[in-house]
Amino acid sequence: MLSVSDPGVSVPCPAPFNLAQYVLAEGATRPDRQAMQIVRPDGCDSWNYARLIAAVRGAGRGLLTLGLVPGDRVLLRLGNTPDFPVAFLGAIAVGLVPVPTSSQLTTAEITGMSARVDPQLIIAGDGVALPEAPGVPVLAAAALADMAALAPCDWAMDDPDRPAYVIFTSGSSGRPQAVCHAHRAIWARRMMHQGWEGLRPEDRLLHAGAFNWTYTLGTGLMDPWTLGATALIPGAGVTPDQLPRLLQQYEATICAAAPGVFRQMLRAPLPALPHLRHGLSAGESLPPAHRQAWRAATGTDLHEALGMSECSTFISGAPGRPAPEGCAGYAQPGRAIAILGNDGQPVPRDEAGMLAVSRHDPGLMLHYVQDPVETAARFRGDWFLTGDLAVMREDGALTYLGRDDDQMNPGGYRVSPQEVEAALAGLPGVQDIAVTEVEVKPGSKVVACFYVAPQPLDPATLAAFAAERLARYRQPRLWQHVVALPRNANGKLNRRALAAAWRPE
């Protein structure tokens with residue numbers, strides 16, 4: 001049997017269509033229901049659907065009065081405040097194209113990114129670095145609140161294949177790309193509601209991530225709102241160790257975060273969470289030990305999803321179909337995916353290859369902004385090449401083997417860093433761990449393990465642990481104690497920075 005999923009019969013996105021209208025349509029039928037709560041240990045800022053929809057449609061009207069026209073790009077320089085989703089959906093509502101960006105970026109970083117998307121307006125929060133963009137007007141986030149009193153805008157209903165928003169990739173494996181998504185991207189997310197999230201209209205989903213991240217924008221905000229559920233978002237300054245109490249205090253039914261956040265939450269005993277049904281993990285590979293620890297601490301399962309900025313999540317475990325141990329999950333119902341060999345053809349099951357998504361997937365990006373060469377390079381025939389390596393088992397479950405450009409090659413063997421990290425996840429006294437290749441002398445590279453622990457551990461003890469669990473060629477030859485692993489604002493490991501952190505003794 002070949003490594004190809006059967007997507008079944010899919011329902012095409014209706015036309016005309018507007019992403020923002022679709023996201024808020026269910027909430028419009030229940031205006032008094034809580035749509036969003038920005039939660040903190042000392043209280044929360046609550047928005048019902050009536051308030052949210054008025055703010056979004058007022059913002060759309062206000063943006064048009066500034067002279068913007070459909071298709072114009074709007075750079076968002078906002079933090080985790082209600083202004084973010086209001087500006088994001090308000091722009092989309094009237095056919096503008098918002099570009100969410102991390103509030104932690106410096107002036108130098110955002111200047112280069114801004115130049116690539118050529119915005120016609122910047123919406124900025126207090127204290128957030130702005131790009132050097134002469135001639136581009138800046139709208140203060142506070143002005144959005146005044147726009148809520150304006151007459152509601154009309155929904156710009158049009159072709160579902162037209163641009164809706166642009167999102168930047170993390171850049172952890174190279175230069176960040178500006179990914180342009182269509183309005184139909186939200187239609188594709190229907191496959192995640194039961195294929196991963198297990199979402200219900202009565203849910204209260206807490207997502208511990210920055211709004212600019214596709215994981216938070218989708219799973220944390222738009223998916224709950226599409227069903228008329230409630231999004232719980234930690235406010236500015238909330239730390240991972242405070243999240244368990246917030247889950248309890250605000251009666252969260254689902255918790256979504258990156259693996260690194262779950263790891264930090266589990267460092268201390270968790271309070272009773274009687275309302276919690278399960279957790280959702282995405283952003284990077286979930287170590288099996290994290291899932292086991294979450295189960296032990298909460299009595300609920302932790303469901304992983306594999307995806308990317310170009311297509312969001314498309315492989316996952318779910319409450320109705322949990323992933324087998326050591327696997328990321330299954331292709332979500334409706335997803336056509338394959339594992340391809342070097343010839344671009346699907347490989348037999350249980351054979352490693354390049355993970356690919358159908359170029360006809362409704363959630364797949366339109367293109368990389370200002371990079372037609374790289375856009376074309378990612379497609380081969382009917383498939384979009386993800387750059388990820390994976391194996392599909394006979395039952396359809398997939399095991400993630402890491403990025404193609406992250407693969408190590410010690411002694412001529414191809415080694416997945418994720419497989420090594422999973423084997424070493426139970427090291428006593430180790431709080432966080434990652435491996436990569438380092439060059440010890442010209443032309444000679446070995447596997448090095450970087451670990452976070454209260455104090456350096458005996459290399460001989462570490463080596464003995466590895467020898468019991470890994471083939472000789474997969475075992476780290478070098479061990480380095482570090483205070484923290486290099487991660488971005490969303491907790492995702494930066495492997496390029498990891499290799500640069502090696503310090504020869």
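This structure is a prediction, so every number in the text was calculated from the model and none was measured.
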Exercise for review: Compute whether any side-chain donor of one residue and acceptor of the other, for Arg189 and Thr226, lie under 3.5 angstrom apart.
Suggested key: no
Could you pull out all donor-acceptor pairs under 3.5 Å where a side-chain atom in residues 457-466 meets a protein atom, sequence neighbours excluded?
from	atom 1	to	atom 2	distance (Å)
Asp458	OD1	Ala460	N	3.2
Asp458	OD2	Thr461	OG1	3.3

Point to revise | Side-chain H-bond candidate by donor/acceptor type, Tyr368 with Glu310, under 3.5 Å | key: yes
**Study point:** By side chain to side chain contact (heavy atoms under 4.5 Å, CB included) - contacts of Val452 (at least two apart)
**Key:** Gln431, Asp432, Val482, Leu485
**Study point:** Results of side chain to side chain contact (heavy atoms under 4.5 Å, CB included) for Gln242 - residues two or more places apart only
**Key:** Pro41, Val238, Thr239
Review point. In chain order, what residues pass the side chain to side chain donor-acceptor pair (under 3.5 Å) check against Ser316, with sequence neighbours excluded?
Key: Gln332
Side-chain donor-acceptor pairs under 3.5 Å in residues 264-280, sequence neighbours left out?
from	atom 1	to	atom 2	distance (Å)
Gln264	NE2	Gly260	O	3.4
Arg277	NH1	Asp203	OD1	2.4
Arg277	NH2	Gly198	O	2.8
Arg277	NH2	Asp203	OD1	3.4
Arg277	NH2	Asp203	OD2	3.1
His278	NE2	Glu197	O	2.7

Study note, to complete from the structure: Sorted by chain and residue number, the side chain to side chain donor-acceptor pair (under 3.5 Å) partners of Thr111 (sequence neighbours excluded) come out as none
Exercise for review: Applying salt bridge (Lys or Arg N to Asp or Glu O under 4.0 Å), name anything that partners Asp83, two or more places apart in sequence or on another chain.
Suggested key: none
Point to revise | For Arg393, side chain to side chain contact (heavy atoms under 4.5 Å, CB included) partners two or more places apart | key: Pro324, Cys327, Asp350, Asp395, Ala397
**Study point:** Residues that Asp371 engages under salt bridge (Lys or Arg N to Asp or Glu O under 4.0 Å), provided they are two or more places apart
**Key:** Arg175
Study note, to complete from the structure: Sorted by chain and residue number, the salt bridge (Lys or Arg N to Asp or Glu O under 4.0 Å) partners of Arg295 (sequence neighbours excluded) come out as Asp301, Glu325
Exercise for review: Check side chain to side chain contact (heavy atoms under 4.5 Å, CB included) between Ala20 and all other residues, then give those that pass, not counting sequence neighbours.
Suggested key: Asn18, Leu89, Ile92, Ala93, Trp155
Practice item. Please list all pairs passing the salt bridge (Lys or Arg N to Asp or Glu O under 4.0 Å) test where one or both residues lie in residues 247-262, with sequence neighbours left out. Key: none
